[in-house]
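Just follow the structure's listing: the first ligand is 1, and inside any ligand the first atom is 1. Count residues from 1 along the sequence. The basis for the numbers below is simple: all heavy atoms, side chains too, and nothing from hydrogens, waters or symmetry mates. What you are looking at is a predicted structure, and each value in this text was computed from that prediction instead of being measured.
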Amino acid sequence: MTYILPALPYPTSSLEPFYDKATLELHYNKHHAQYVAKLNETVQFFPLLADYTVEELLGNLYSLPSVFRSEISHYGGGHANHSLFWRSMTPFNETATFGDLAQAIPNTFGSFNNFKTAFTDLSLGIFGSGWAWLTVGTDNHLNLRSTPNQESPLLVGEKPILCLDLWEHAYYLKFQNRRLEWIESWWNLVNWREVSALYVRAISGATLGQIYSEVTPTLGFEIAS
Ligand code: MN3
């Protein structure tokens, strides 16, 4: 398999003012694209991996040859994490959650606001570069977790359904050292419709391929490539 940079489901200017076009384009065209290129370099001489999606690579990392593991964790994680990051944002202001997730979040965290506060605190507390996650755990319960660098929750068997990039490259051009402003800005962009769809597939027993490969609606925009 040759891994490809997924098309964005919205124009690069459409997340303004919450996510600026210049940062988004640099982030997508340079950072994410580089992870895809390096992942392809890593797997090119290993045809046994040809049938795996990037999520399946990460979910089965410890059954892969150890010589590739750190590269697949880093470059594959970088590819999978950013792919989820893009699809879990939308230019349409969605303040409500949808479907089963609208019940599961308050059931797990007490209220939607508690969840939001806990996720924000988690994001603020990450040292250095990393990610904040809402995941479906192996017991099908919702979890909050952070990971360093490009590590994916898929490495420990959890299925991420929402993520926030806390690497400085994700926000420094506009927000500089004001990480809280980036986090608060990003909340305006969460694509709850998509996160809810991922949740439903994740708790249904669907395979990693099925959970993440389903085509994301283009939201009525022409695809920006
Ligand atoms: Mn990033």
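- Shortest distance from the Mn ion (ligand 1) to Asp165 is reached at OD2 (N/O/S atoms only).
- Looking at His27 and the Mn ion (ligand 1) together, the shortest N, O or S contact belongs to NE2.
- Between Tyr28 and Trp86, the gap from one ring centroid to the other is short of 6.0 Å.
- One distance of note links OG1 of Thr108 with CG of Leu144; it measures 9.0 Å at 0.5 Å rounding.
- Residue His32 is tested with His79, His82, His27 for a side-chain hydrogen bond (donor to acceptor under 3.5 Å, both in side chains); the sole match is His79.
- Geometry at the Mn ion (ligand 1): NE2/His82 and NE2/His169 form an angle of 130°, nearest 10 degrees.
- Residue-environment remark: CG (Leu48) exceeds the threshold of 12 foreign heavy atoms within 6.0 Å.
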